[in-house]
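Let me begin by presenting the structure, written as structure tokens, before commenting on it.
Letters A, B, ... are given to chains in the order of the sequence lines, protein chains preceding strands, and every chain is numbered from 1. These figures come from a predicted structure and were not determined experimentally. FYI, side chains are in, hydrogens and waters are out, and symmetry mates aren't considered; it's all heavy atoms of this structure.
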Amino acid sequence: MSTLTETDFTRVSTEAGEEFIDSYYTALNGARHTINSFYVPPLAGASGRSLPHISYNGEIINDGAALQQRFEQQMPWSHYEPQSVNVHVMNPTAAPPAGTTKKDAERTMSLIVQVSGYVRLGERNKGPQRGFAESFVLVPNREEVGAKGTGKQDVGRKWLVQSQNFRFVV
Amino acid sequence: MVARGGGTKKAARGPASQRRAARKADRDGDIGMSVDGGVTKGRSNRVGKSSGIPKGSKASGSQPSRISASAKREILKHTGDLSMRDTRTSAPKSQIRLRITGWEKSKAATNPDGGVSSLIKWLEKKASTKLGSRKRTVKIQKSQVEGTELTINVTSEDSRALLRMNGYEWAGTNITIEQVGGPVGAGSTSTEAEKIKAMLRGVLERRYNLDDKFLDLSGLGQDEELKAQAMFDKKSTASKFFPAMMAVLENSFDTPAEKDAAILSVSLANNGLVDVTIVTSLSQTLPKLQNLDLSNNKIENLSALHPWRRRFYHLKHLILSNNPIEQREPNYPAEIVPWYPNLRMLNNVQVRTEEEIAAKSKVNMPFPIRSPAFQDEGGIAENFVRTLFAGYDTDRAALAAHYYDAKSEFSYALNTQAPRDPATSETTEKQEWDNYIKNSRNLKKISHLPARQNRLYRGTAAVADIFSKLPKTRHPDLASEARKWMIEAHIQPGVPDANGQYPIGVDGFMIVIHGEYDELDDSTGQAKKKRSFDRTFIVGPGGSAGVRVVSDMLNVRSYGGAQAFEPENIEALSDATATQNIQQLDAPPQLPAGVTLEIAEQMVIQLAKQTGMTLEYAKLCLEQTQWNYEQGMAAFESNKASLPPTAFITTG
């Protein structure tokens, strides 16, 4: 069966989640032109099954590019600060085909990331501050999920957002 | 969900006018205390320097929470002390006769009755209390004059208040009040601390204006009664005096809500304050203060006010005129206005309009707050949420057995630094998070791989075990307190298949819930702390319940309130017609069990979106299929052709 141990799953999932959180919020704060690159390509589906599923304060957006555009054109200065992060494996996809290398096996699982933090809006230090909570489902950047994959050189993002739920909570 | 918010806000009265009125009332009501002319002239009117309190006194400390606690201890450490609130309840309701002498030489002696009627009026007014949760009106039932003796009959309750006034000054003369016969009154048996409490209580009472909800603590250094107690003569008493007074004030009220409602304005004018160190406890005792007067002090710069930065969230009007800061830091208004997000007036000058306040509180963000996006199928997610929280509050072991199988995973993370509800000023206690911290899996704090692994719980038994270690909870009712919840769900592909038939997974739900709970005391079951939480579930098909938890992540944080869940007015948005029409749904439709109004709304909106029907027709359609979404959809498909054109939203 799986070539990965329990420890491998914890290591891969938590490290991937942390790396994702770091680069994702950095992008929201200062590299908004890259936002789209965090999402799986749009995939239309029947009633409410379109992907990516992005729910932002109750508004459903099914396209990373649309979200990026919103951030680039309308979002005021922001600083997102994740204060608490937790990651689980959603689907370990336990049976990689025979002959799969360990490195490939590490990229067959999907992850759930939960974040709690605050966002400062408008201006540094003085802008209003809101508490937020956010959850993601991340899938490996592979052709199987409809993405381009990381190619032979293994470049680009290794994990992409398939589902996202954002809410102001304070 | 929709016709919410927009409650009318009453315009606040100008604090300046309140203050004027208050001062006037104080003069009228307080003949005794206002006749202080010549006596205080020689003294400077300072609490600060003249009373020997060093600048930035260490004694009072700069950490507010400690002051208040220590002050209270100071006051209450004398065991055997009756607290302020106890003294009255235990007394029997018998009549007591009091003899009052020394009044015949008063300024009112020339009145036809020798001033007796005005003396009685003054005694009644003075002994009555208007400040605190146990307001009381003293009534002198019978009075009799024999020569220079006035004898009055009062209840024993009232007699205590009157005996406490023994030696008070009335109309230019000191009067003597003593009990006729019987045991000596309660006043003489009280301890020193109790006397001080009573005295401070009297000072607060005298300086409180009920109509304006105004507490005038200006010119405390001039206060005859406080001077008589030599309150400012020693460093030790001077630094404790203000916190002690705040403690007495707090004890006068049963609940913080009563206290906050009773006092909206405070003046600390004319107190020679160089900074707010000595009076900093005001911000703990009255965190919801709206008007604050600090005029005529010796405040030189903003750093002197720093302890009150980020305090007084509700402050609407601040007065700092006649302080050296006006010359030293003439641009201070630009700095200080952002400290108080609700400030409208600074020194009687408008600094923000109501519109600006309203606009600011709504964050200018391209993602306005909308009602929950709850995508369900056949009430699966709805039922899950209902069962889960009922079970979590009452029987976690049974809950674990019901929804969590051998592969279900649970862990929780603690965010101790999360923003708190700006409307409450709940204080943090020591070891506040002890019950959570040991197993928290906040990856920001837990970096070692073994710890990360140990704090992830898999399988029914492990989940039940960690559930049992978490504090007992009571969540708000999902139906009657729906506004305290934010529950969203959507279909999540790729959820592991319990039977292992589909390695790439099956469709499940991602359910994200934000809300609050009362943390219950283990032994008494009493609510002791409010927390907020975020909880993310992945659920999939399978198990005996038909639904199994794949993954359950809990985030616990300080209480953050529910105001962030209130949908904003989204009329300006493209679906203005939708919001308008939802309001027609407000008359609650007949819903089957398990479908809340919110879910019904979501179903209507969803169906309308998918079919292009108007909300009214979508609603009709769902009503006819007993709120089964799929049947509603099927009904639409089969009747599409026969529907009138008005059933559809016209574009353009």
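Environment of CD in A:E72: crowded, with over 12 heavy atoms of neighbouring residues, nucleotides or ligands closer than 6.0 Å.
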What verdict does the side-chain contact (heavy atoms from CB on, under 4.5 Å) test give for B:V512 and A:E134, after you've listed the backbone C-alpha separation in whole Å, the side-chain angles of each residue and the deciding distance to 0.1 Å? CA-CA 9 Å; B:V512 184; A:E134 188 156 33; over 6 Å; no
Assess whether salt bridge (Lys or Arg N to Asp or Glu O under 4.0 Å) is satisfied between B:D507 and A:R49, documenting all intermediate values. CA-CA 10 Å; B:D507 277 357; A:R49 282 177 164 85; 3.1 Å; yes
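Using a 4.5 Å cut-off between heavy atoms, B:Y412 touches chain A through its backbone atoms (N, CA, C, O) alone. Neither the backbone nor the side chain of B:P450 has a heavy atom closer than 4.5 Å to any heavy atom of chain A. Using a 4.5 Å cut-off between heavy atoms, B:D552 touches chain A through its backbone atoms (N, CA, C, O) alone. Residue B:Y629 does not touch chain A at all, counting heavy-atom pairs closer than 4.5 Å. With a 4.5 angstrom heavy-atom cutoff, A:S116 touches chain B via backbone and side-chain atoms both. B:R455 does not touch chain A: none of its heavy atoms, backbone or side chain, sits under 4.5 Å away. For A:H53, the part lying under 4.5 angstrom from a heavy atom of chain B is the side chain only. Proximity to chain B (any heavy atom under 4.5 Å) is shown, for A:S78, by neither the backbone nor the side chain. The contact between B:L414 and chain A is made entirely by backbone atoms, counting heavy-atom distances below 4.5 Å. Contacts between B:Q610 and chain A at a heavy-atom distance below 4.5 Å involve the side chain alone, from C-beta outward. In this structure, the portion of B:L554 lying under 4.5 Å from any heavy atom of chain A is its backbone and not its side chain. Heavy-atom distances place both the backbone and the side chain of A:V87 under 4.5 Å from chain B. In this structure, the portions of A:E6 lying under 4.5 Å from any heavy atom of chain B include both its backbone and its side chain. Proximity to chain A is absent for every atom of B:Q602, based on heavy atoms less than 4.5 angstrom apart.
The two residues B:H514 and A:A133 make their nearest non-hydrogen contact at CE1-CB, 3.3 Å. Of all non-hydrogen atoms in B:R557 and A:V169, the two that sit nearest each other are NH2-CB, 3.2 Å. The two atoms that bring B:G494 and A:N91 nearest to each other are O-ND2, 3.0 Å, heavy atoms only. For the residue pair A:T14 and B:R441, the shortest heavy atom distance occurs at CG2-NH2, 3.8 Å.
Annotation: the span from B:L443 atom CG to A:S13 atom OG amounts to 8.0 Å, rounded to 0.5 Å. With rounding to the nearest 0.5 angstrom, the CG atom of A:D8 is 9.0 Å from the CD atom of B:Q453. To the nearest 0.5 Å, the span separating CE on B:M510 from OG on A:S163 amounts to 6.0 Å. Taken to the nearest 0.5 Å, the CD1 atom of B:I491 stands 10.5 Å off from the OG atom of A:S50. Separation of atoms CG (B:L449) and OG1 (A:T7) is listed at 6.0 Å; rounding is to 0.5 Å. Atoms CZ and CD1, on B:R370 and A:I60 in that order, are 9.5 Å from each other to the nearest 0.5 Å.
Although no hydrogens or angles enter the test, the distance criterion places no donor-acceptor pair under 3.5 Å between the side chain of A:N86 and the main chain of B:N442. Of the possible donor and acceptor atoms, none in the side chain of A:Q83 sits under 3.5 Å from a partner among the backbone N and O of B:N415.
Ranked by heavy-atom pairs under 4.5 Å with chain B, the first of A:R11, A:R167, A:E81 is A:R167. Note: B:M553 leads B:M553, B:K444, B:Q375 in heavy-atom pairs under 4.5 Å with chain A. The candidate from A:Q129, A:Q73, A:M90, A:Q114 with the greatest count of non-hydrogen atom pairs under 4.5 Å with chain B is A:Q114. In terms of heavy-atom pairs under 4.5 Å with chain A, the best-connected choice from B:K445, B:K609, B:R458, B:Q606 is B:R458. Counting heavy-atom pairs closer than 4.5 Å to chain A, the top-ranked of the candidates B:G560, B:S532, B:P419, B:A418 is B:P419. Ranked by heavy-atom pairs under 4.5 Å with chain A, the first of B:A562, B:P493, B:S440, B:G505 is B:P493.
Of the charged side-chain nitrogens involved, at least one lies within less than 4.0 Å of a carboxylate oxygen, so that B:R452 and A:E18 count as a salt-bridged pair.
When only modelled atom types and interatomic distance are considered, B:H490 and A:S55 share no side-chain donor-acceptor pair under 3.5 Å. Side chains of B:E488 and A:N165: a donor-acceptor N/O pair is present below 3.5 angstrom, by distance only.
Aromatic ring orientation, B:F367 versus A:F71: tilted (interplanar angle from 30° to 60°).
B:D421 places none of its side-chain heavy atoms less than 4.5 Å from the side chain of A:V170.
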